[in-house]
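For ligands, and for the atoms within them, numbers begin at 1 and follow the listed sequence.
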Amino acid sequence: MSETSPTGTPNVRADDRSDAPRRDPLELFLTWYGEAEKAGAPFVDAFALATADATGRPAVRYVLFKGLVAGTLRFVTNFESRKARDLEDNPRAAIAFFWPATGRQVRMEGSVARAPDADSDRYFEHRDRVTQLGAWASAQSRAISTRADLVAALAERERQFAGAPVPRPLHWGMLAFTPTMVELWTSGEHRLHDRFRYERDGTGWRVERLAP
Ligand SMILES: Cc1cc2nc3c(=O)[nH]c(=O)nc-3n(C[C@H](O)[C@H](O)[C@H](O)COP(=O)(O)O)c2cc1C
C-alpha cells in the first residue's frame, strides 16, 4: 500500500520493514539540496552525469541542475554533444551529487528524454545574450583548431543576430532525467555511513537501508 504526501506526491510504501525515512526521496533530495545551499556549499547545483553509448562505453561529466519538474531533474546542453548522442542511443543514465559542506551524497539511476520545447525556450530566453550567442557558436564536443576559431564563431553570430533577439538553436535545450532509483547517503562517524536506497514501485517507492 502506498501513502500520499500532503503535496500529492506518491510516498514510500508504508509496509517497508526498515528504519528508512518514509518520505518521497525526491522531496528529501530537495530538502538536502536546500541545506547544502544554506551551508554555503560551492557548486551545489553541479552533478556528475554518467552515460554509455550503444556499445556500453561509459563517459562521465558534470552538468548543472536546473530544477525538479514533475519528478524529473532538468539540465541543459547541446543536443549534438557526446552526452546527448549517447543518450539518444541509450537513454539510461546515472547521476551523483556530493555536498562536502553537509557530508551528503545523492545517487540516482534512470533515463533521460528531451524536455518539452516550451521549457527549453523559456530557459533560453532568460540567459544573457552572450551566453545565448555561445550556444550558437559552440559545436559542443567537436574538435576545433584554436580558441581564436571559437571567438570568431561568436563574433559571426553577433553579426548575424545584431539588433534582434537571439532565438534558441534547435541543437540546444533542456533534458529531463527520470529517476527509478535514488540513494541518499549521509556521512557517519567511523565510516558507519547511513545509506537508503529507494526504488520505484508503481507510483510509490520501495525503500531499504544498505550497509555502508
Ligand atoms: C561545474 C561544471 C558544470 C557544467 N555544467 C554543464 C552543463 O550544465 N551543461 C553542459 O552541457 N556542460 C556542462 N559542463 C561541461 C561538461 O562537463 C562537459 O565538458 C561538456 O558538456 C561536454 O561533455 P560531452 O562531450 O560528454 O557531451 C559543466 C562543467 C563543469 C565543470
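- The closest non-hydrogen atom to atom 5 (N) of ligand 1, taken over Thr51, Thr77, Val63, comes from Val63.
- With 3.5 Å as the limit, one finds a donor-acceptor pair spanning the side chains of Thr77 and Gln140.
- Within a 4.0 Å radius of atom 12 (N) of ligand 1, the protein contributes one or more non-hydrogen atoms.
- No N or O atom of Ala46 sits closer than 3.5 Å to an N or O atom of ligand 1.
- Inspection of the Ser120 and Arg122 side chains reveals no N or O donor paired with an N or O acceptor under 3.5 Å.
- Checked by distance only, ligand 1 and Arg61 come closer than 3.5 Å through their nitrogen or oxygen atoms.
- Taking atom 8 (O) of ligand 1 as the reference point, the nearest protein heavy-atom neighbour is Leu64 N, 3.0 Å.
- Of the options Arg61, Arg92, Arg82, a side-chain hydrogen bond (donor to acceptor under 3.5 Å, both in side chains) to Thr51 is made by Arg61 and by none of the others.
- With 3.5 Å as the limit, one finds no donor-acceptor pair spanning the side chains of Arg129 and Gln132.
- Protein heavy atom nearest atom 24 (P) of ligand 1, with residue, atom name and distance: Ser141 OG, 3.4 Å.
- Comparing heavy-atom distances from atom 23 (O) of ligand 1 across Lys83, Gln140, Arg142 singles out Lys83 as nearest.
- Inclusion of Val76 in the set of residues having an N or O under 3.5 Å from an N or O of ligand 1 is warranted.
- Using a cutoff of 4.0 Å between basic side-chain nitrogens and carboxylate oxygens, Lys83 and Glu88 are not scored as salt-bridged.
- At the shortest separation from atom 4 (C) of ligand 1 among protein heavy atoms lies Tyr62 O, 3.4 Å.
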